[in-house]
Structure formats: structure tokens, C-alpha cells
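Convention: sequence-line order gives letters A, B, ...; per-chain numbering from 1. Every heavy atom of this structure was used, including side-chain atoms; hydrogens, water molecules and symmetry mates were not.
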Protein chains: 2
Amino acid sequence: MKTLFKNGVIITANEQNEWFREGYLLVEGKTITAVGSGQPDTESEAEADQVINLKGQWLMPGWVNTHGHAAMSVLRGYADDAPLKEWLEEKMWPMEARFTADTVRWGTALAVVEMLKSGTTCFVDMYDHMDTVAEVVEEAGIRGVLARGIIGLCPEEEQKAKLNEATAFAQRWHQQAGGRITTMMSPHAPYTCPPAYIHRIVERAQQLDLPVHIHLSETAKEVRQNIRHYGQRPVPHLRDIGVFERPTLVAHAVHLEEEEMDILQEYDVKISHNPASNLKLGSGIAQVPRLLERGFRLSIGTDSAASNNNLDMFQEVRLAALIHKGVHQEPTVVPAEAALKMGTKWGAECAFVPHVGSLEKGKEADFIIINPGQAHLQPVHDPVSHIIYAASGSDVRHVYVQGKQVVKDGRCITLDEEKVIYEANRVWRELSRN
Amino acid sequence: MKTLFKNGVIITANEQNEWFREGYLLVEGKTITAVGSGQPDTESEAEADQVINLKGQWLMPGWVNTHGHAAMSVLRGYADDAPLKEWLEEKMWPMEARFTADTVRWGTALAVVEMLKSGTTCFVDMYDHMDTVAEVVEEAGIRGVLARGIIGLCPEEEQKAKLNEATAFAQRWHQQAGGRITTMMSPHAPYTCPPAYIHRIVERAQQLDLPVHIHLSETAKEVRQNIRHYGQRPVPHLRDIGVFERPTLVAHAVHLEEEEMDILQEYDVKISHNPASNLKLGSGIAQVPRLLERGFRLSIGTDSAASNNNLDMFQEVRLAALIHKGVHQEPTVVPAEAALKMGTKWGAECAFVPHVGSLEKGKEADFIIINPGQAHLQPVHDPVSHIIYAASGSDVRHVYVQGKQVVKDGRCITLDEEKVIYEANRVWRELSRN
């Protein structure tokens with residue numbers, strides 16, 4: 001099946017950040033076989049099974065959301081504006097302790113519907129009941145990079161059981177759903193896992209040849225605690241445990257010293273910047289301009305809807321482009337082009353799915369189509385500017401993953417939106433009644 | 001004409017921040033005559049000419065956008081990520097010098113369509129060609145608080161002509177369009193108007209009994225310049241000129257010292273907080289938590305689409321609620337309830353239209369209806385949380401100003417959206433061709 005998309009604005013997010021005011025994209029099965037400016041050659045057009053006239057709509061890679069906990073969407077708005085300790089210990093943990101596979105199924109489905117409709121084609125998820133998460137991903141047609149998040153503050157037996165469960169999950173689902181699902185091993189954080197346990201999890205990742213995903217230095221408090229407990233800051237601590245011997249994606253990385261950046265760079269550690277969550281929980285503001293200046297190819301994550309409170313990557317990328325300009329009183333930092341890459345191509349690299357994230361020949365066809373015919377996206381001179389600074393998730397009309405359409409005219413066509421919303425409210429009611 | 005809205009979530013934004021999970025609103029002509037929880041009494045229902053079943057939709061006051069330059073929407077995305085001096089002197093000013101009444105008409109119409117559709121029912125505008133702006137406001141059915149912004153770096157004759165023009169405009173349009181238009185006098189800023197000229201403009205405001213609107217301490221640089229030129233910081237400078245003898249709304253107020261806050265508070269000066277624009281231009285981050293702690297009833301403005309780059313007050317209010325938590329590493333500052341007030345009731349007070357901004361008996365009926373049936377607004381336990389942290393302008397379905405519907409099912413019904421977009425692109429092309 002060959003499908004040709006033509007007469008649209010094509011934003012490639014390739015290395016040179018090329019975009020074409022009038023261009024085309026050719027997709028064969030799940031792969032992009034041509035992308036270019038102007039009109040496709042007549043041969044390509046003749047051979048296409050289907051020709052879609054974009055009529056000036058904007059076609060760009062889908063967003064890659066590199067950190068989150070999808071199921072927590074059922075806790076959206078449950079606790080806001082509270083001190084972190086109270087939020088976590090009095091609100092989130094007691095509720096999460098009641099989560100069942102049923103809760104996770106509908107919380108995840110709610111998040112996936114929201115993500116797909118707002119243009120996210122790939123998400124990284126660290127949570128529990130991951131078989132259920134994988135089943136939702138399989139059905140929804142989204143791309144998922146999934147890990148069973150392991151909290152190690154528990155007896156040896158429980159640690160062993162969790163590690164085995166994470167291992168079984170990672171093996172069972174890696175490269176499944178037509179390659180849309182890949183897996184990682186995920187010790188939750190330095191402050192929730194003893195060093196020896198982190199080491200065992202990473203050894204397992206080594207055996208399975210999988211990357212590692214971990215929270216890192218989200219708050220100043222956990223950094224101080226790490227120094228108190230282990231005599232050093234979190235980055236050298238994780239390095240000494242051997243974590244960075246594996247390809248690693250760290251989430252947050254708000255509180256970093258220069259020497260820690262040196263280490264992260266030496267080991268090519270990937271970073272997920274989570275601006276809204278870091279702001280909302282009062283964690284602080286990551287040193288994004290400095291990291292970009294150093295050459296980090298950063299990515300962007302929403303974190304969960306319990307601390308954001310939406311999963312709209314347009315808003316997240318906009319925030320990433322805006323806040324650092326204000327904090328540093330320097331309007332040239334995190335320009336639109338860098339923000340676009342962080343949300344797409346670099347995001348895919350950070351999630352260890354470099355075969356998506358930009359519109360280039362040979363890559364898998366994960367892309368979205370935006371309707372620019374709204375007042376807030378007019379007049380049109382620079383679509384990249386509008387995507388970063390003016391658009392929001394609701395401007396997305398169509399979404400494709402591996403060449404297969406999953407959102408059509410703004411509706412998710414793989415999951416039943418009404419049923420998902422109904423069930424998400426049901427599991428929330430059941431949770432809050434207990 | 002009496003219209004009863006019932007069976008909806010009613011968010012009043014009144015002093016106690018009351019909201020009703022199931023409530024009603026009764027509108028007679030342009031006025032709210034009843035608002036409450038549960039079902040209206042049978043008499044009200046029997047007397048209503050029209051009963052609208054909200055079916056669980058959320059009804060709240062329209063947003064009040066307290067600072068902007070609507071016509072600059074035609075420059076949306078024209079210059080991003082540039083140093084402020086270059087942005088202003090090499091990009092904005094040369095383009096704005098070419099603006100005609102035609103440019104202003106369609107730039108303003110574009111902004112008004114965007115604002116209405118995203119739930120803004122009242123906006124403050126400081127610009128040129130204000131008769132044209134007022135004509136657009138009159139036609140669009142939005143509420144406008146309008147001022148001819150006066151830049152005084154020009155010969156005496158020109159100063160006089162501008163002041164006369166501003167005066168004529170303010171007199172001609174004050175309380176026009178059924179009271180939807182009110183006017184102000186507006187010296188642009190301390191750094192663009194000599195003190196004597198500001199004094200004359202304020203004297204005129206005194207004669208006309210109108211408030212004053214002025215930019216204040218947007219950047220650190222202009223504060224330094226003020227000290228260099230006039231020997232003191234901008235707030236005491238404006239006080240000594242006599243500005244604050246008039247009711248005054250200042251925009252930005254990013255760089256304030258405690259003594260300046262004392263003065264602003266002594267004179268009950270109103271403040272428009274413009275978070276996105278202050279971030280994007282690298283101006284800095286206003287001390288919102290401190291101002292709230294001091295008891296300021298702050299408001300929120302988008303500034304123009306040239307430095308934002310959208311006019312979605314949902315995103316602006318969300319930003320105001322998020323950034324200060326991160327900057328101060330304190331998640332309890334600017335809670336959702338304060339952010340809601342800043343965007344509505346306090347906004348109306350700051351724009352000197354205290355007869356709107358909340359749903360209370362006797363106020364004029366400026367309100368919006370939100371469709372919560374989207375994944376990103378689910379599950380529903382706290383609609384105020386979702387409005388502040390999860391919603392965006394595209395969730396707005398219906399908008400009413402003075403009881404008259406201006407947006408229906410997400411379409412602007414007072415202006416022709418397609419024509420406005422077409423004309424805005426035309427004037428942009430003509431500008432950029434020169």
C-alpha cells in the first residue's frame with residue numbers, strides 16, 4: 001500500500017530543520033519512502049494506491065513524549081497546589097496503592113486518547129501493571145516505550161519478585177505490536193532504590209540488552225538526601241553503580257552541577273526535560289540553555305497528568321521554549337527550531353527509537369496533520385513558529401503511526417473515546433469511594 | 001428576554017470562589033438576575049422565554065485580558081527568538097510604521113476572533129487607529145477597554161496632535177456600543193514619553209474622568225535608563241508626575257522593588273501580569289507571589305500575538321499559575337483559585353469594568369460555556385483545577401457578552417472568520433511586500 005500526501009506544508013524536523021511550503025510525503029506500508037519540496041515525480045504519483053491532497057495543511061512528525069506515567073491520568077486534578085511531600089505521601093501514594101489492573105487500563109487508555117488526539121505518536125511510560133499498559137498500546141496503535149518502574153524500598157523477597165516481573169514484562173513485550181512496543185528496565189530513582197538493587201536491575205538490563213530509564217535529581221531535597229546517604233550527588237552515584245554503562249534515559253535532571261553534566265555527556269546519557277511538572281510541583285527549572293549549549297540533544301516529557309495536568313505536547317514544547325528565555329532574561333535561548341527537535345527527532349533518539357521522530361526516507365511513518373485554518377495560526381509566514389508558540393493539541397486533525405491512521409478528523413478511531421471517558425470516571429469513582 | 005441556563009457546572013468566580021456541581025444562571029436582557037446551586041425555582045423557570053439545558057457543561061465568566069495590542073496579530077511569528085532591541089527596532093517598529101487603518105482593522109479582527117473563540121469576553125487594547133479598533137469591537141460584540149497609546153518621542157506639534165486625537169477618541173467612544181466600549185488615556189511608557197507630556201496626558205484623563213493605562217518596568221534595562229535620565233525608578237517617577245492620582249492600570253511590572261510596591265499599593269494601582277510575553281522577550285518574571293501576598297488583586301494579559309504568540313487566556317492563566325511555583329520552588333503559590341480570579345473578577349476590576357468578571361446577581365452577563373467531554377478534562381472531580389491546569393481555548397463552545405451570544409458551537413457568529421483570515425493574510429502580504 002503506497003500513499004502519497006501532497007500539496008501540504010511539510011515540516012521534516014530533520015538535522016537541517018528543513019521545511020517546505022509546498023511538498024509531499026510518500027509512505028509505503030509503514031515506511032517513509034520519499035519526502036520533498038514541490039510536486040512528487042509523476043511516476044510516484046502514478047504508482048500510489050492513494051493520493052491525499054493536503055490542501056495546505058501542515059504535516060510534521062508526531063511528538064515523542066519521553067517521560068510519563070499514563071495511568072495516573074485518573075488522578076488529574078485530584079491534588080493541586082500542595083507541598084510536594086503532602087502531594088506525594090498523603091495524596092498520590094495512598095491512591096496509587098489502590099490501583100488495580102482495571103484502574104491502570106482505563107487511566108492509560110484515557111492518557112493515550114488524549115496523547116493521540118493532541119499529536120503524540122510515541123510515549124515513554126514507567127509504571128506498574130505494565131502488561132495492561134502494553135495491551136492498551138497494542139490496541140490504540142500508538143508507539144510505546146515501556147518499563148515496569150521498580151521502587152526498591154521493600155524486603156528482599158519483594159525486590160526479587162518485582163525484578164522478575166519487570167524482566168518478564170520487558171522480554172514478553174519488546175518489539176511486539178509490529179515493533180511499536182519496545183521496553184526498558186527502570187529502577188524508579190536513586191532515592192527509592194538501594195544502590196545494590198539498582199545494580200541488579202541494571203545487570204538485568206545488560207543481559208536483556210535493554211536501556212535504563214530512571215528519575216534523576218528532580219528536587220533539591222533528593223540531591224541533599226543522596227549526599228547524606230551516599231556521600232555524593234546523584235549523577236556520580238549512579239555512574240559508580242554502573243547505570244550509565246547501559247544506554248540510559250533520565251527524567252527531570254533539574255538540579256545538576258557542571259561536573260554532573262560532564263559525566264552525563266561522557267556516557268551519552270539522554271535527558272527528558274519535564275517543564276510543566278517541574279514548575280507545578282515546585283521542583284525548580286532545569287538548566288536547559290546550558291545543556292543545549294553543551295550539545296545535549298534534549299527531549300521533552302509531560303510527566304503524568306497528576307502533576308501537569310494535561311499531556312498536550314504542544315503546550316509542553318511551548319513552555320520549554322518560553323520559560324528559559326524569561327529565567328535567563330535572554331530571548332535567544334531555546335529557539336523554535338531547537339524546541340521542535342526536542343519534541344520530535346531528539347525525543348525519538350532519547351527514547352531509543354531513532355527510526356522515528358523526523359520525516360526522512362527510510363524512517364517509520366509516524367506523523368500528524370495540522371489544520372492551520374484557525375485565527376490563532378494566522379497569518380502564515382513561518383509554520384514552525386506557529387507550531388511552537390501558537391498552536392495547541394486541538395489543532396491536530398489526523399494522526400498516523402507506522403503509516404496507519406489512528407486519529408481522523410480529530411477523533412481517535414482505534415479506541416472508543418466515549419467508553420474510555422466513561423470507564424476512567426468509573427475507576428476514579430471506585431478509587432475515591434474507598 | 002429571559003434566558004435560563006440550567007443543569008450545568010456553574011463556576012461563579014465570586015469573592016468566595018463558589019462553584020456548583022449542578023446549578024443555574026438566569027439572564028434578563030444583558031444582566032444576570034439569578035445564579036445558584038441546584039434547580040431554579042419553578043417560577044423562574046416558568047417565566048423564562050428560553051430554557052437551555054447545559055447537560056453538565058461548565059459555565060464560567062469570560063476571561064478579561066488586561067493588556068494587549070490586538071492589531072499586532074498580523075505580525076504573529078514574524079520575529080521570534082531575537083534580542084529585544086533587534087526585535088523592536090529592526091522588526092516591529094519598521095513594520096508598524098507601515099500599518100494603516102486597513103492593517104489595524106484586519107489585525108484587530110483576527111485577534112478578536114481568536115479571543116472570542118478561546119473564551120475572552122473583554123480585552124484591554126492600547127494602539128493606534130483606535131476608531132477602527134472600536135468599530136471592530138462594536139461589530140464583534142466583544143467588550144473592549146480601549147486607549148490610543150501615545151508615544152511622545154516627537155516634536156511638540158506632533159505631541160499635541162496625538163493628545164488631541166487620543167482625547168477625541170476617548171470622548172467619542174466611551175460607553176458606546178451599548179456600554180461595551182469604555183476608554184482610557186494612555187501614555188505608552190515612562191521611557192517613550194517625556195515627564196511633562198505624561199503630565200499633560202494625565203491632566204486630560206482627569207478632565208475626562210478616565211483611567212490611565214501605561215507600560216511599566218517591563219525590562220531591567222528601562223529601569224536603569226529611568227534612573228539615569230530621571231534620578232529614580234519608574235514607580236516614584238510616575239507618582240511624582242501625578243499619574244497615580246488617576247485610577248491607573250500598569251502593564252508588566254516585572255521589575256519592582258518593595259518600596260515601589262508600597263507606592264502602587266498606596267494608590268491602588270492595578271497591575272496586568274503578562275507571563276508569556278515577559279518570558280518570550282526575555283524581560284524576566286514578575287514577583288507575582290509577593291504581590292498576591294501583599295494583597296494585590298492582579299490581572300492577566302496576553303500582550304500582543306507578536307510576543308506571545310497566541311491570545312489564549314487559558315494558556316496564559318495556566319502559565320501564571322505554573323511558573324511562579326517553579327521559580328520559587330514552592331508549589332503552593334498562585335493556587336488555582338487565585339489564577340481563576342486573576343483571569344476573571346480581578347481582571348475586570350483592573351480594567352475598570354467591575355460590573356463583569358464574575359457570575360453574580362446584578363452583573364452584566366459575560367460568560368462562556370465549556371464542553372468538558374474531552375479526554376484531557378477527565379475524570380471530573382474539580383472543574384476549577386481543570387480550567388486552570390488542563391483546559392485550553394479550544395474547549396470553549398459558546399460565548400455570551402451582555403447576554404448576547406457571539407460564539408456558537410465554537411464558531412464566531414458576529415464576524416465572518418474566513419473573511420477575517422483572508423483579509424489578515426492580505427494585509428500581511430501587503431506589509432511584507434513593501
Heavy-atom distance under 4.5 Å to chain B: side chain of [X], backbone, both or neither?
X: A:Val327; answer: both
X: A:Arg318; answer: side chain
X: A:Leu311; answer: neither
X: A:Glu418; answer: neither
X: A:Ala82; answer: backbone
X: A:Ser73; answer: backbone
X: A:Ser283; answer: backbone
X: A:His376; answer: both

Just so I understand: if I count every heavy-atom pair under 4.5 Å between each of B:Leu110, B:Val254, B:Val427, B:Val333 and chain A, which residue has the most? B:Leu110
When only pairs under 4.5 Å are counted, which of B:Gln329, B:His381, B:Met115 shares the most heavy-atom pairs with chain A? B:His381
Strictly distance-based, threshold 3.5 Å: is any side-chain N or O of [X] a donor or acceptor partner for the main-chain N or O of [Y]?
X: B:Ser432; Y: B:Arg429; result: yes
X: A:Asp416; Y: A:Lys419; result: yes
X: B:Thr414; Y: B:Ala140; result: yes
X: A:Glu417; Y: B:Ala375; result: no
X: A:Glu222; Y: A:Glu218; result: yes
X: A:Asn425; Y: A:Ile421; result: yes
X: A:Gln378; Y: A:Pro372; result: yes

Say whether B:Asp80 and B:Asn309, considering side chains only, have a donor N or O and an acceptor N or O under 3.5 Å apart. yes
Most chain B-contacting option - heavy-atom pairs closer than 4.5 Å, from [options]:
options: A:Pro275, A:Gly326, A:Ala220; answer: A:Gly326
options: A:Ala321, A:Ala424, A:Gly284, A:Pro383; answer: A:Gly284
options: A:Val380, A:Leu84, A:Leu281, A:Val113; answer: A:Leu281

Go through the atoms of [X] and report whether side chain, backbone, both or neither lie under 4.5 Å from a heavy atom of chain A.
X: B:Glu330; result: backbone
X: B:Ala111; result: neither
X: B:Leu319; result: side chain
X: B:Asp382; result: side chain
X: B:Ile323; result: both
X: B:Asn308; result: both

A:Asp81 bridged to B:Lys325 by N-O distance under 4.0 Å: yes
Start with the C-alpha distance between B:Ser118 and B:Asp312, add both sets of side-chain angles, then the distance that settles side chain to side chain donor-acceptor pair (under 3.5 Å), and finish with yes or no. CA-CA 6 Å; B:Ser118 55; B:Asp312 181 351; 4.6 Å; no
Start with the C-alpha gap between A:Asn278 and A:His252, add the side-chain angles, then the distance that decides, and say whether side chain to side chain donor-acceptor pair (under 3.5 Å) holds. CA-CA 7 Å; A:Asn278 295 159; A:His252 303 298; 3.0 Å; yes
Evaluate salt bridge (Lys or Arg N to Asp or Glu O under 4.0 Å) for A:Glu114 paired with A:Arg76, printing each intermediate quantity in order. CA-CA 12 Å; A:Glu114 180 186 356; A:Arg76 188 198 316 272; 3.0 Å; yes
